[in-house]
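Excluded from the calculations below are hydrogen atoms, water molecules and symmetry mates; all remaining heavy atoms, backbone and side chain alike, are included. Convention: sequence-line order gives letters A, B, ...; per-chain numbering from 1. Everything numeric in this text was worked out from a predicted model, so none of it was measured.
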Amino acid sequence: MITNKEIASILSKTADLLEIKGENPFKVRAYRNAARIVENSSKDFNKLVKEGFDLTRLPGIGKDLSSFIKEIVETGKFHKLEELQKEIPPGLVDMLSIEGLGPKRIRQIYDAFKVTSLDELKKYAENGELDKLPGFGPKLIEKILKGVKQIKKAGIRFLWADVEEIAEDIRKYLFKFKGVEIVEIAGSYRRKKETVGDLDILVVAEDYPKVSEYFIKYKKVKEVHSAGLTRSTVFLDNDLQVDLRAVSKESYGAALHYFTGSKAHNIEIRKLAIEKGLKVNEYGVYRGDKRIAGKSEEEVYEAVGLCFIEPELRENRGEIEACLNNYLPKLIRKEDILGDFHMHTSYSDGANYIEEMVKKAINLNYKYIAITDHSKRLKVANGMSEEELLSQLKEIDEIQKKYKEIKILKGIEVDILEDGSLDFSDEILEKLDIIVGAIHYKFEGDQTKRILKALEKIDILAHPTNRIINKRSEINANFEEIFHKAKEKNVILEINSQPDRLDLPDTYIKMAKEIGCKFAINSDAHNCNMLEYIKYGINQARRGWLEKEDVVNSWKLEDVIKFLKIH
DNA sequence: GCCGTTTTCGGCCCGACTGTTTTCAGTCG
């Protein structure tokens, strides 16, 4: 069974090779497009193909790509990719990630010297051979040499939460400069994507060159890459790229829209504009030479016949169609959250006592929380035994008497064992209000059956894919099947707010919502301050199109109790 | 390779920056 991500990766690799081969750029784009469509889809392509769904109904997929995707799903292979791989050495693809080297120059180098690896490329750059090629000057050679060294670092994206502090610090720094009116951080940061490749910062200021001069003096700037009349790029000491762009007040909305992206969303917006005889760029919306909109994003959307679309939705995952047909979601907000169903205390591997967690929750205006410490299998990692659980339940009763303003639900995070059973007996579990279940070990192989069985007994499936961003990939399982069963059994799907988990991922959230599942945005806090991580989970939920009614922990306590059948 | 109430051929988003040029190609976002 192949995942959407794997299909997308095959198509995208094919695009890389076609590009190096010198194919028609628009053909290359068609492959990249298809890769993005598959990766961003909230439908499982494996299933679509099996059901005989006509893929050409998807805009961007035609007769050829439809049959190619079918081939990939059915055989796990793609003949065109295999042919290209025979023809083009893999080293050339690696070169694509070197800054300054694109398909044309790579081709040029290959044709001239038959260079097929990064090591050889380094050799030719150092011995002066590359200089002989037209268009290759000393600066470019230097850039290539630097790129060869850095290539391993390339491709790692920063966790959203890891750039948050730095982004806000730069925002403050820029506002200190005289004449700066607006600073906004656009790009994937504004779309709240789980990882961020770079920061795109827009400034409206009287004198941009002066702001740029001030910007590149920011304390964490390691290297100035470029500094132009409207745009400057720097690298910070943690290798994060930051782009600063000058924008005029009249164009602010158009620029904010343009630089917020995503690219796929923008392309769709421009197509709509063309249909109306308009042109959209970062300066505004134009009819002929006349600018008709651009001061605000609302103006831009209105000009092309749309309502405002929240940044988190701008991924070309159906938001434009939803807007045209009036079913855009009213996204969940921080203020809507009334509780948290997953947190740890000193009973397992948490740093704080139950009472400290309760106080913090009250401080956050929560109406209810669930205490869910680890169960016994994780005794090695400070899980609880049955006896410890029973004494914890008594302690919760005592604390509950003291704090009437909040309902403390009795819960546990049980382990889903290899065969799908849980590591506490039914008798013990019956004493609890809420059972959070999760897989914590043995991630190899198809996990579908294991999870399906566990869904019979748990209330919440915690961090369902078990991925750790940049570290561990998701488990292999048929999530569409799991979501259907979760809906049937009223099992809530967790959106785990830990910045490196954010599990479920956004496309799965949307898939599950369309199936009709309910969700809980949980902090999985291991100390009381971590309860505030919930904001990262909210970001993720918004990217998955969730509304208040989809998120159980934004409901009134009585509705939660009814849904979970708590007595 | 995709797409289509001006089109089944001929378009395909578009501008900034760099490095190399001496008017522009390649790359990037």
Side-chain angles (χ1 to χ4, degrees), chain A residues 11-12 14-15 18-37 55-69 78 80 95-109 130-144 147 154 186-189 191 196-202 208 212 224-234 241-247 251 254-255 257-275 277-286 300 304 316:
Chain A
L11 292 171
S12 159
T14 310
L18 286 171
E19 196 169 32
I20 293 170
K21 200 183 164 194
E23 267 287 3
N24 174 358
F26 297 104
K27 186 196 268 195
V28 176
R29 185 187 295 174
Y31 276 85
R32 294 241 159 87
N33 236 333
R36 201 178 48 224
I37 291 164
L55 297 176
T56 63
R57 279 168 57 190
L58 305 169
I61 310 272
K63 198 166 131 275
D64 286 357
L65 277 162
S66 160
S67 78
F68 296 158
I69 291 171
F78 182 27
K80 277 196 174 247
M95 292 179 199
L96 273 178
S97 45
I98 293 175
E99 160 101 33
L101 278 191
K104 297 262 171 59
R105 285 176 182 151
I106 291 173
R107 185 80 215 177
Q108 212 181 340
I109 296 170
L130 275 191
D131 305 42
K132 293 178 186 159
L133 295 177
F136 284 69
K139 292 240 173 119
L140 184 57
I141 307 274
E142 199 185 319
K143 215 177 192 178
I144 291 170
S188 49
Y189 182 80
R191 300 201 312 280
V196 174
D198 57 17
L199 289 178
D200 286 300
I201 306 182
L202 304 188
Y208 176 76
S212 173
V224 179
H225 177 271
S226 63
L229 282 175
T230 63
R231 181 175 152 190
S232 325
T233 297
V234 302
Q241 180 181 333
V242 185
D243 293 340
L244 187 74
R245 297 165 199 270
V247 173
S251 301
H257 179 261
Y258 180 89
F259 290 113
T260 296
S262 68
K263 195 171 168 181
H265 175 85
N266 286 356
I267 288 173
E268 289 307 308
I269 296 291
R270 276 183 212 169
K271 281 188 196 160
L272 271 183
I274 289 167
E275 281 171 24
L278 303 172
K279 188 179 80 165
V280 177
N281 61 23
E282 59 262 56
Y283 301 109
V285 182
Y286 295 84
V300 173
V304 298
N316 193 24

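For the P atoms, the distance from B:dC9 to B:dC14 is 25 Å, rounded to whole Å. Going from the C1' atom of B:dT7 to that of B:dC12 covers 14 Å, rounded to whole Å. Separation of the C1' atoms belonging to B:dG1 and B:dT8 is 15 Å when rounded to the nearest angstrom. Across the P atoms, B:dT23 and B:dC28 are found 26 Å apart, a figure rounded to whole Å. Using P as the reference atom, B:dT22 and B:dG26 are 15 Å apart when rounded to the nearest Å. B:dT20 and B:dT27: their P atoms are spaced 13 Å apart (whole Å).
Looking at A:K139 and A:E142, no side-chain N of the basic residue comes within less than 4.0 Å of a carboxylate O on the acidic one, giving no salt bridge.
Regarding the sugar-base torsion, B:dT7 falls in the syn class, its angle being within 90° of 0.
Listed nucleotides: B:dG1, B:dC12, B:dG15. Nearest to the side chain of A:R29: B:dC12.
Take A:R36 and apply the side chain to side chain contact (heavy atoms under 4.5 Å, CB included) test, not counting sequence neighbours, and it matches A:N33, A:N40, A:A264.
Here NE2 of A:H257 is found 7.5 Å from OG1 of A:T260. Values are rounded to the nearest 0.5 Å.
Among the heavy atoms of the strands, none lies under 4.0 Å from A:A246.
Using the six-membered ring where Trp is involved, A:F68 and A:Y31 have ring planes that are parallel, under 30° apart on the 30 and 60° scheme.
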Contact pattern, 5' to 3', of nucleotides 2-8 of chain B - B, S or - by protein heavy atom under 4.0 Å:
SS-----

Just by protein heavy atoms under 4.0 Å, how would nucleotides 20-29 of chain B read 5' to 3' in B, S and -?
S-----SSSB

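Put simply, A:N281 has no side-chain N or O that comes within less than 4.0 Å of OP1 or OP2 on B:dC14. Contact annotation: A:T230 side-chain N/O to B:dC17 OP1/OP2 distance is under 4.0 Å.
Counting only heavy atoms from C-beta outward, the side chains of A:I98 and A:I106 never approach each other to under 4.5 Å.
Where A:K143 and A:Y31 meet DNA chain B, the nucleotide closest to each residue was compared, and A:Y31 sits on the side nearer the 5' end.
A:L229 places its CG atom 17 Å from the P atom of B:dG15, with the value rounded to the nearest Å.
Minimum heavy-atom separation, A:V196 to A:L199: CG1-CD2, 4.3 Å.
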